[in-house]
Amino acid sequence: MLSNKKGESIMREYLNKKVKVIVDRPLCSKHPEHEIYYLLNYGYIPNTISEDGEEVDAYIIGEFQPLKEFEGVVIAIIHRKNDIEDKLVVSKHPHKYSKEQIQALVEFQERFFDSEIIMS
């Protein structure tokens, strides 16, 4: 995880910021390598770099059709304690979801990781 001197994820700089997400795994698509179907649109924020050297990944919540791209606000960080990269959660409804609701929505993928949800 990219960290500052206090050990906090630098992903915090994205909280409450408007971002554009390019969706490379649309709602209901299958993971290219595993037997997982995406129950949310999932993609990346162009021109960013995450802990794995690739672009920062993001879940999109509150949208119920497959998307190609999306603009919304980063409402949460999913900090993976046992992985090298964290994920962002993006929505058009910044105050609509609780940590528990976000956790339930990303469970299909995050169940494989020891993670915590960080919100502002």
Do Val106 and Ile78 touch side chain to side chain, with heavy atoms closer than 4.5 Å?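 Yes, at least one pair of side-chain atoms sits under 4.5 Å.
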Using side-chain heavy atoms (C-beta onward) and a distance below 4.5 Å, is Asn16 in contact with Val74?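 A side-chain contact under 4.5 Å is absent here.
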Could you grab the distance from atom [atom1] of [X] to atom [atom2] of [Y], nearest 0.5 Å is fine?
| X | Y | atom1 | atom2 | value |
| --- | --- | --- | --- | --- |
| Leu40 | Phe64 | CG | CZ | 9.0 Å |
| Ile45 | Lys20 | CD1 | NZ | 12.0 Å |
| His95 | Ile75 | NE2 | CD1 | 9.5 Å |
| Arg12 | Ile77 | CZ | CD1 | 5.5 Å |
| Tyr37 | Ser29 | OH | OG | 9.5 Å |

Check step by step if side-chain contact (heavy atoms from CB on, under 4.5 Å) holds for Val73 and Val90. CA-CA 5 Å; Val73 176; Val90 179; 5.9 Å; no
Donor-acceptor pairs are to be reported for all side-chain atoms of residues 98-105 against protein atoms at under 3.5 Å, with residues two or more places apart or in another chain.
| unit_1 | atom_1 | unit_2 | atom_2 | d |
| --- | --- | --- | --- | --- |
| Ser98 | OG | Glu100 | N | 3.4 |
| Ser98 | OG | Glu100 | OE1 | 3.4 |
| Ser98 | OG | Gln101 | N | 3.1 |
| Ser98 | OG | Gln101 | OE1 | 3.4 |
| Gln101 | OE1 | Ser98 | N | 2.7 |

With sequence neighbours excluded, what pairs up with [X] under the side chain to side chain contact (heavy atoms under 4.5 Å, CB included) test?
| X | result |
| --- | --- |
| Lys17 | none |
| Glu63 | Asn41, Ile60, Gln65, Leu67, Phe70, Lys92 |
| Lys68 | none |

Around atom CG of Asn47, are there more than 12 heavy atoms of other residues, nucleotides or ligands at under 6.0 Å?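 For Asn47, atom CG is not crowded (no more than 12 foreign heavy atoms under 6.0 Å).
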Around atom NZ of Lys18, are there more than 12 heavy atoms of other residues, nucleotides or ligands at under 6.0 Å?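 It does not: Lys18 NZ has 12 such atoms or fewer within range.
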Is there a chain of hydrophobic side chains (I, L, V, M, F, W, Y, each step under 4.5 Å between heavy atoms) that links [X] to [Y]?
| X | Y | result |
| --- | --- | --- |
| Met119 | Met11 | no |
| Leu15 | Leu88 | yes |
| Ile36 | Leu39 | yes |

Taking side-chain hydrogen bond (donor to acceptor under 3.5 Å, both in side chains) as the definition, give me every residue that meets it alongside Tyr42, ordered by chain and number, with sequence neighbours left out.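 Scan of Tyr42 (side-chain hydrogen bond (donor to acceptor under 3.5 Å, both in side chains), adjacent residues dropped) gives Asp57, Lys87.
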Report all side-chain donor-acceptor pairs from residues 108-118 shorter than 3.5 Å, counting only partners two or more places apart or in another chain.
| unit_1 | atom_1 | unit_2 | atom_2 | d |
| --- | --- | --- | --- | --- |
| Glu110 | OE1 | Arg80 | NE | 3.0 |
| Glu110 | OE2 | Tyr59 | OH | 2.6 |
| Glu110 | OE2 | Arg80 | NE | 3.3 |
| Glu110 | OE2 | Arg80 | NH2 | 2.6 |

Might you work through the side-chain contact (heavy atoms from CB on, under 4.5 Å) test for Tyr44 and Asp24, ending with a clear yes or no? CA-CA 8 Å; Tyr44 62 91; Asp24 57 358; 3.7 Å; yes
Nearest heavy-atom neighbours spanning Tyr97 and Gly62: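 Nearest heavy atoms, Tyr97 then Gly62: OH-CA, 3.2 Å.
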